[in-house]
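This report concerns only the one structure given below.
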Number of protein chains: 2
Amino acid sequence: MQALDTAFNALSDPTRRAILDRLMRGEARVTEIAEPFDMSLNAVSKHIRVLEEAGLVTRRREGKEHRIAFSPEPLDALARWITEKRALWNGRLDRLEALLSEEAKQ
Amino acid sequence: MQALDTAFNALSDPTRRAILDRLMRGEARVTEIAEPFDMSLNAVSKHIRVLEEAGLVTRRREGKEHRIAFSPEPLDALARWITEKRALWNGRLDRLEALLSEEAKQ
């Protein structure tokens with residue numbers, strides 16, 4: 001699923017995760033977001049664009065300025081995916097355990 | 001954190017997620033894993049290596065054969081990360097709501 005691809009990819013970079021941490025404290029301009037990072041404004045803008053394409057941030061134009069805000073929905077989709085896989089796996093382990101205990105009884 | 005980088009990156013590809021689905025049904029040889037995919041054995045091996053580096057699969061040598069098995073621990077780490085972020089965000093929304101309702105009262 002394309003949405004999972006872009007969301008997982010967006011989160012695979014520590015700078016992008018740090019940008020999300022910053023935005024969870026409130027929306028910010030691109031220059032404000034860039035400030036703590038030792039990289040060019042252009043590099044930070046690219047990271048923001050990756051987050052935007054994954055739906056993890058939204059962009060609001062205010063005159064010449066872009067205000068970036070955190071958007072939580074993709075995290076919900078990832079959480080659902082991970083929860084489903086862990087449930088599948090744990091269910092399989094439970095069935096295996098039941099089978100082994102059944103065999104032990106015989 | 002390096003472990004989050006590699007795990008999120010490993011899961012950002014649909015073939016790699018499909019390989020994990022296959023392995024949740026039980027361990028398998030590389031050739032078995034490759035069978036349903038319309039790609040070279042070499043390409044599938046590379047995907048398996050990415051999963052292995054992320055700790056999402058383990059490799060067991062049996063004579064000339066490699067048996068690949070699913071390993072759930074990295075999913076736990078990702079689930080913890082996502083849960084923590086969602087809790088932070090929801091906590092912030094709750095505080096904002098409390099603040100607004102306090103202001104509305106005054």
Side-chain angles (χ1 to χ4, degrees), chain A residues 1-28 47 50-51 53-58 68-100, chain B residues 1-28 47 50-51 53-58 68-100:
Chain A
M1 213 169 82
Q2 183 63 25
L4 288 176
D5 295 6
T6 54
F8 276 128
N9 177 59
L11 295 176
S12 70
D13 183 279
T15 301
R16 291 197 288 269
R17 294 199 303 275
I19 291 173
L20 290 184
D21 283 340
R22 164 64 188 85
L23 294 173
M24 280 182 200
R25 304 204 315 269
E27 67 168 20
H47 281 308
V50 174
L51 290 167
E53 276 157 24
L56 284 159
V57 308
T58 56
I68 312 295
F70 173 63
S71 174
E73 286 75 17
L75 288 192
D76 298 343
L78 295 191
R80 272 197 302 278
W81 185 88
I82 293 174
T83 301
E84 188 197 306
K85 298 305 168 192
R86 291 166 93 200
L88 267 176
W89 179 250
N90 291 331
R92 188 180 169 272
L93 289 190
D94 289 347
R95 285 197 303 282
L96 193 65
E97 206 171 297
L99 200 72
L100 290 175
Chain B
M1 213 169 82
Q2 184 63 23
L4 288 176
D5 294 6
T6 54
F8 276 128
N9 177 59
L11 295 175
S12 70
D13 183 279
T15 301
R16 290 196 288 268
R17 294 198 302 274
I19 291 173
L20 290 184
D21 283 339
R22 164 64 189 86
L23 293 174
M24 281 183 199
R25 304 204 315 270
E27 67 168 19
H47 281 308
V50 173
L51 290 167
E53 276 158 24
L56 284 158
V57 307
T58 55
I68 313 295
F70 173 63
S71 174
E73 286 74 18
L75 288 193
D76 298 344
L78 296 190
R80 272 197 304 276
W81 185 88
I82 293 175
T83 301
E84 186 197 306
K85 297 307 168 189
R86 291 167 92 199
L88 267 177
W89 179 249
N90 292 331
R92 188 180 169 271
L93 290 189
D94 290 347
R95 284 197 303 280
L96 194 64
E97 207 171 295
L99 202 70
L100 291 174

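Bear in mind that the values here come from a model prediction, so they are computed numbers and not experimental data. Each chain gets a letter, A, B and so on, in the order the sequences are listed, and its residues count up from 1.
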(request) Nearest 0.5 Å please: distance from the CG atom of L88(B) over to the CG atom of L20(A). (result) 11.5 Å
(request) Using a cut-off of under 4.5 Å on heavy-atom pairs, state which of P72(A), A10(A), S12(A), A7(A) scores highest against chain B. (result) S12(A)
(message) For N90(B), which atoms come within 4.5 Å of any heavy atom of chain A: side chain, backbone, both, or neither?
(response) neither
(message) Suppose we screen for side chain to side chain donor-acceptor pair (under 3.5 Å). Which residues come up paired with R80(B), at least two apart in sequence or across chains?
(response) none
(request) Give the minimum heavy-atom separation between G26(B) and R92(A), together with the two atoms involved. (result) CA-NH2, 3.6 Å
(message) Would you compute the distance between atom CG of L75(B) and atom CD of E84(A) and round it to the nearest 0.5 angstrom?
(response) 11.5 Å
(request) Work out which heavy atom in M24(A) is nearest to a heavy atom in K85(B); give both atom names and the distance. (result) CE-CB, 3.6 Å
(message) Working to the nearest 0.5 angstrom, can you tell me the gap between L11(A) CG and N9(B) CG?
(response) 11.5 Å
(request) Give the ring-plane orientation class for F70(A) versus W89(B), where under 30° counts as parallel, over 60° as perpendicular and anything between as tilted. (result) perpendicular
(request) Flag the one option from D13(B), D21(B), T83(B) with the top tally of heavy-atom pairs under 4.5 Å to chain A. (result) D21(B)
